[in-house]
Amino acid sequence: ARYSSAAQRDVSIEQQVNECRRFAEREGLTVSRIYDDHAMTGTNDNRPAFRQMIADSANGTFDYVIVYTLDRFARNQYDSVFNKKTLRDNGVRVLSAMENLRDDATGHLMESVLEGFAQYFSEELRQKVVRGMRNNAEKAMVIGPCPFGLKKGDDGKYAIVEEEAKIIQEIYRRAASGEPFADIFRDLNGRGIKTKKGREWDRSSFNQLLHNPKYIGIYSYGDIIIENGIPAILDREIYDKVQLRCKAKEYPRKNPQRRRRENGTYQIGRAHV
C-alpha cells in the first residue's frame, strides 16, 4: 500500500489495507505482513517498504503480493515489468484486490493495459501540474515556501510580513555598513529572532537572506522573471551594496579586511592597489 502526497492522510493507507485483507479472506489467503509507504510516489520503485518486499520475496515466506490496485504497485511500466519478473522468479504473483484479473492471456493483456493507463495518468498529471505552475508563475503567484519577510497573501501572491521586513531592513543596513555578518546573526539569535523555519540563524540561512532578489521585488520561476512582481522590502541601492560586500568576501584578495594565517597566527591583510 502507498499514497503519493504528504497532504494525504494515513486513512488512505488504512483503506487500501482493509480492502486487501477482505480480498485475501475471500480468496482463502493468509496475510503475513503489511508493506506500506507513506507519501511516496509510484513513478519510481525507490520506496523503502516496496524494496523490502522485493527483497523478502527471495526468502520464500509468501506466495502472493496483494495490492489495492495495480497503480499502487507502480505507475511506471518499466518498473512494474522489472519488479514483477523479480517476484515471478521468486515464485510470487501480484494480485489486485479491486481489479478482477484472471491468470490467463486475457488477464495478462488487461493487466498490461491498466499499467499503461497508470503511467499515462501519472505523466498527464505531471504535465498538468507543470502547466499550472507556469501559469501561476506568469501571474507572479506564490509557488513553494515563502522566505523570511514574505507570506502568501489572500490573492495567492506575495505579501510583506511587516515585523519580519523591519528585521530584513535592519540586517541589510548593518551589513552594508561593514558590520561582520557573524556578529549580526549572533545578535539576532541573542534577541530570540528565529528564521522562517523557527531555527536559529547560521551562516547558511544568513547568506541565503543576503542573496534573495525577492526583497527588491524580483519574481522568478525557472525562465520566468518579473520585475516588481513582489512588494519590495528593500531599495535597490542598499541591496546592491550588500551584494558587492558579499562578493568581496568570496574573493578575499580584493577585501582589505580579509584575515590570513601566517606562522600560526591570524593577521589583518593590507589591500593591494
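If you're wondering where the values come from, they're calculated on a predicted model, not measured in any experiment.
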Quiz prompt | Full working for side chain to side chain donor-acceptor pair (under 3.5 Å) between Asp71 and Thr69 | solution = CA-CA 5 Å; Asp71 63 359; Thr69 53; 2.4 Å; yes
Could you tell me whether the side chain of [Y] reaches within less than 4.5 Å of the side chain of [X], counting heavy atoms only?
X	Y	answer
Leu209	Pro147	no
Leu210	Tyr215	no
Lys85	Phe82	no
Phe62	Arg33	no

Reported [atom1]-to-[atom2] distance for the pair [X] and [Y], which is rounded to 0.5 angstrom:
X	Y	atom1	atom2	result
Arg93	Arg88	CZ	CZ	10.5 Å
Glu227	Ile218	CD	CD1	4.5 Å
Ile160	Lys166	CD1	NZ	12.0 Å
Arg174	Ile184	CZ	CD1	5.5 Å
Thr86	Ile54	OG1	CD1	6.0 Å
Ser12	His38	OG	NE2	9.5 Å

Quiz prompt | Check against side chain to side chain contact (heavy atoms under 4.5 Å, CB included), Phe73 and Lys84 | solution = CA-CA 9 Å; Phe73 186 84; Lys84 281 181 180 177; 3.8 Å; yes
Is there a path of hydrophobic side-chain contacts, each under 4.5 Å between heavy atoms of I/L/V/M/F/W/Y residues, joining [Y] to [X]?
X	Y	result
Met53	Phe23	no
Val65	Met98	no
Ile171	Leu150	yes
Leu87	Leu29	no

Flag, side chain of [X] to backbone of [Y], donor-acceptor distance under 3.5 Å:
X	Y	result
Tyr219	Met141	yes
Asn18	Glu14	yes
Glu99	Leu70	yes
Asn90	Val92	no
Arg245	Ala175	yes
Asn189	Trp201	yes

Would you list the atom pairs, donor with acceptor, under 3.5 Å between side chains in residues 228-240 and any protein atom, with sequence neighbours excluded?
{"from": "Asp235", "atom 1": "OD1", "to": "Glu237", "atom 2": "N", "distance (Å)": "3.2"}
{"from": "Asp235", "atom 1": "OD1", "to": "Ile238", "atom 2": "N", "distance (Å)": "3.0"}

Quiz item: Can Arg22 and Glu25 be counted as an ion pair, charged N to O under 4.0 angstrom?
Solution: no
Practice problem: Please determine if Lys196 and Glu164 form a salt bridge, counting it only when a charged side-chain N lies under 4.0 Å from a carboxylate O. | Solution: yes
Quiz item: Which class fits the ring pair Phe181 and Phe206: parallel under 30°, tilted 30 to 60°, perpendicular over 60°?
Solution: tilted
Self-check item: Residues which pass salt bridge (Lys or Arg N to Asp or Glu O under 4.0 Å) with Lys241, listed by chain and number, not counting sequence neighbours
Solution: none
Quiz item: Side chains of Tyr221 and Asn136: donor-acceptor distance under 3.5 Å anywhere?
Solution: no
